Structure formats: structure tokens, C-alpha cells
Amino acid sequence: MLSVYSDDNRLHDPEQYIARGVLIPARESPERATELLAALRDGGHQVVAPRDFGRATLLGVHAPGYVDFLATAYQRWQALPDPKGPMALAQTYAMRQMKTCPTSFEGQLGFYLSGNSVPIGRESWRSILASANCALEAAEAVREGAAESYALCRPPGHHAYADLAGGYCYLNNTALAAQHLRGRFARVAVLDVDVHHGNGTQGIFWQRGDVFVVNLHADPNHAYPWQIGYAGEVGEGDGAGATLNLPLPIGTGDAAYLEALDHALQALRRFDPDALVVSLGLDAFEDDSSRLMRITTPGFAAIGARIGAVRLPTTIIQEGGYAVDALRRNLGSFLTGFLSTRTH
Ligand SMILES: [Zn+2]
């Protein structure tokens, strides 16, 4: 399978993260990319570097002010008086009642970044941009006629909205890929199997009827992103009915997951899409630090096989997965399963 990867994906390197009030090492680490790349080599997949698709392509799903903020945040952070930390972080965050984007940099930090999981360091923008370009290059291959492609995106993207970073995500790689595929295909479906709800992707396509977004994820009553991802959310306006959420109980294992996936794929087929984007998180794994689900390594092959059997032109976008030692075998398992049902 054509796979896309950039060494720049490894540059973004946050050191710390606050979880339940405790300062812990960052979970979304450069080592993740190393392990995922090893899986691609194991499988004999062709690995290519992305070209730069340019700012105008990013604006297909992101707000201009937000892209400019991400691109310049580190330089503006450096210009602030000391003392300050090594990476740009907000002091306070915009809440529901606060809707004005300030002109000041410190005000914009809390407007565009939604938590302490999205710091911006010296090399972050290079990684963020490379990750987005990997997604676009993979989508371009399918747009040009490839049956399938995989993008090794790091940092991940599915929690990023049109103008808001969150949950380790800055630019929404999946949404960019889906929008790019719309350049050839009239109807595109997004299937998000990351253990966390893809709130950013849902937000970006919320009012659109041309992109169907279906999410299987841990019940947000007990998992990030907490305030969104519930079954009653179905889209609005032209997008009414084009959003489907299937929150699953904490501790869901292979059998129950596959049953829910079958339900998701039935709904997806009813939408009758021309192409598919898969948001592939591997954090539903039984040993993932998220501790939300109990999918096994063979379980990922079964998930991949069912998705492959849909037989749509498909771009797979890497999202989460934090059991670093298991990423190599779990990605390998998913891709082997996926390809087993393609029969070109
Ligand atoms: Zn996740």
C-alpha cells in the first residue's frame, strides 16, 4: 500500500502533560512515529515523502487566522518577556461565553488552544504541517486512482476544529484528506475508530451533507473529549443525519466492538459514499494507557478486514495510539487485515 511519511513528523516534542493534576511525560511522543514507520517497513509498503500542498489547501477546512496563529505562535511566544516555559501554552482558555478573538498573542493562545495537551515549541509547526501534508499526499494518491493509501500522521488531527487545537491535535488531517477527496468524489465518508471521539472532524462537517462522519468511541461521559460525542448528535442543516455517533461502554472488547462496527458500516453503506477516510487510532488497544477499551492485536486485523471489505477507495489517516511498544504490531495487524479483503 502507498504510505506517506515525513521525518519532520518527529520534530514536535512536548515534554510534559498534566493528567488529573499530575505532571506526567507527554504521551504523544516522536517514538510513536518510529514504531509506526517500522510497521510499514515490516509490511513491505512503499513509503514516500509528501509534497507541500500549500496554505490555500489548509484553508479548505481551517480558518485563516488559526493557520497563521499556529505558524507564528512559537516566534510570538519567544517575543514575550521572561519568565516563560519552553513551549507556548495558554494561561486561561476561552469558554462557551467568550466569543471574541483578541488581537493580543496571549489572548489568542487561550482562544486557539483548548488545553495543556497542545503546546507549541520551536519545531512544532514543521511537524504539524508535515503531518497535514502526509494526509493530503495520501488523499491525492486515491484521488488519482489508487485503491488505498495510508498516512503516518504525527501529530494526530481528529480533535482539531476549524479554528481550535485540542487533544494533541492542531490541523485536522482527516478532514483535510476528506476535503481533498471531494475534489474528485461527490460523497465521502469518514469512519473514526480512534478510542476517543473525533470531535474536530464532527465539528468541521457538522452542517454538510456531502461528508458522512461516523464515530465509534469510548462513552464520553468517561473519556476525552467529555462534552461531545453523544448518540443524539446527528448534524444540522444540510448535515442533518450525516453524523452518526456510536459511544461504547468502557472496557469494550473485540466481539462487542465488531458488532458496533458492523452497525456503523451498514449506516455508511446506506449513505452510498464514493470514497472513505479512516481515522485510525490504535488506542482502543487493551494495554493502551488510555485504559478505555480492550481491543487485542488480532482484533485490529478483524477491524481492518471489515473496513477493507467495504471496497471503497480508501485513505487511512493515523490518529492516536499510546502503547508505544505495541504500535508496530497493531498497525501491522490492522493493515494486514485491511488488505486481506481488498482482492484487486
Ligand atoms: Zn485517541
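Just so it is clear, the structure is predicted and the values come from calculations on it, not from any experiment.
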**Asked** Same cluster for Leu276 and Val190 if Ile/Leu/Val/Met/Phe/Trp/Tyr side chains link at under 4.5 Å?
**Response**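 In one cluster: no.
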**Prompt:** If you group Ile, Leu, Val, Met, Phe, Trp and Tyr by side-chain heavy-atom gaps below 4.5 Å, do Val310 and Phe212 land in one group?
**Reply:**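 Yes; tracing contacts between hydrophobic side chains, which count when under 4.5 Å, links both residues.
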Any side-chain donor-acceptor pair under 3.5 Å between [X] and [Y]?
X      : Y      : value
Asn173 : Ser131 : yes
Gln202 : Asn245 : yes
Gln91  : Glu106 : no
Ser29  : Glu31  : yes
Tyr257 : Arg294 : no
Ser290 : Asp283 : no
Glu123 : His12  : no
Tyr161 : Asn199 : yes
Tyr170 : Asn172 : no
Glu319 : Ser279 : yes
Thr34  : Arg10  : yes

To the closest 0.5 Å, what do you measure between [atom1] ([X]) and [atom2] ([Y])?
X      : Y      : atom1 : atom2 : value
Ile316 : Ser149 : CD1   : OG    : 7.5 Å
Arg154 : Gln318 : CZ    : CD    : 11.5 Å
Asp13  : Met87  : CG    : CE    : 7.5 Å
Thr297 : Asn330 : OG1   : CG    : 4.0 Å
Phe338 : Phe300 : CZ    : CZ    : 15.5 Å
Thr57  : Leu136 : OG1   : CG    : 6.0 Å

Taking the side chain as C-beta and beyond, is there a heavy-atom pair between [X] and [Y] under 4.5 Å?
X      : Y      : answer
Val142 : Phe185 : yes
Leu58  : Phe53  : no
Met1   : Gln46  : no
Leu113 : Phe69  : yes

**Request:** For His217 and Asp192, run side-chain hydrogen bond (donor to acceptor under 3.5 Å, both in side chains): C-alpha distance rounded to whole Å, both residues' side-chain angles, the deciding distance at 0.1 Å, then the answer.
**Result:** CA-CA 8 Å; His217 52 282; Asp192 189 321; over 6 Å; no
**Item:** Check against side-chain contact (heavy atoms from CB on, under 4.5 Å), Ile317 and Val277
**Value:** CA-CA 7 Å; Ile317 305 293; Val277 179; 3.7 Å; yes
**Message:** Test side-chain contact (heavy atoms from CB on, under 4.5 Å) on Ile303 and Leu258; report intermediate values, then the result.
**Reply:** CA-CA 7 Å; Ile303 292 168; Leu258 291 170; 3.8 Å; yes
Heavy atoms only: give me the nearest [X]-[Y] pair and the separation to one decimal.
X      : Y      : answer
Pro220 : Ile228 : CB-O, 3.3 Å
Pro156 : Gly320 : CB-N, 4.4 Å
Glu28  : Arg32  : OE2-NH1, 2.7 Å
Ser3   : Leu40  : OG-CD2, 3.6 Å
Ala242 : Gly209 : CB-CA, 4.4 Å
Asn9   : Cys134 : ND2-SG, 3.9 Å

**Qualifying residue for side chain to side chain contact (heavy atoms under 4.5 Å, CB included) with Leu261, from Val214, Leu191, Leu248, Leu246** =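 Of all the options given, the one that passes is Leu191.
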**Request:** Might you work through the side-chain contact (heavy atoms from CB on, under 4.5 Å) test for Thr243 and Phe205, ending with a clear yes or no?
**Result:** CA-CA 8 Å; Thr243 290; Phe205 296 118; over 6 Å; no
Within a 6.0 Å radius of atom [atom1] on [X], are there more than 12 heavy atoms belonging to other residues, nucleotides or ligands?
X      : atom1 : result
Arg41  : CZ    : no
Glu15  : CD    : no
Asp238 : CG    : no

**Request:** Would you check if the distance from the ring center of Tyr168 to the ring center of Tyr322 is below 6.0 Å?
**Result:**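 They qualify: ring centres under 6.0 Å apart.
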**Prompt:** With a 6.0 Å cut-off on ring centres, are His197 and Tyr230 close enough?
**Reply:**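 Not under 6.0 Å, so no.
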**Request:** Show your reasoning for whether salt bridge (charged side-chain N to carboxylate O under 4.0 Å, His left out) applies to Arg55 and Asp68.
**Result:** CA-CA 9 Å; Arg55 183 174 182 273; Asp68 295 343; 3.0 Å; yes
**Asked** Under the 3.5 angstrom rule, does the side chain of Arg143 hit a backbone N or O of His180 as a donor-acceptor pair?
**Response**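 Present.
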**Request:** On the 0 to 90° scale, with breaks at 30° and 60°, tag the His159-His196 ring pair as parallel, tilted or perpendicular.
**Result:**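 His159 and His196: perpendicular rings.
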**Request:** Identify, with sequence neighbours excluded, every residue that meets side-chain hydrogen bond (donor to acceptor under 3.5 Å, both in side chains) alongside Arg291.
**Result:**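 Arg291: no side-chain hydrogen bond (donor to acceptor under 3.5 Å, both in side chains) contacts found.
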**Request:** Mark yes or no: Arg122 above the aromatic ring of Tyr74, with NZ or CZ under 6.0 Å from the six-membered ring centre and no more than 45 degrees from the axis.
**Result:**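 Here Arg122 fails the 6.0 Å and 45° test against Tyr74.
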**Request:** Please determine if Arg187 forms a cation-pi arrangement with Phe271, meaning its NZ or CZ atom is less than 6.0 Å from the six-membered ring centre and no more than 45° off the ring axis.
**Result:**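 Yes - Arg187 lies over the ring of Phe271, closer than 6.0 Å to its centre and within 45° of its axis.
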**Request:** In sequence, state the C-alpha distance, the side-chain angles, and the governing distance for Asp8 and Ser127, and then conclude on side-chain hydrogen bond (donor to acceptor under 3.5 Å, both in side chains).
**Result:** CA-CA 5 Å; Asp8 284 357; Ser127 283; over 6 Å; no
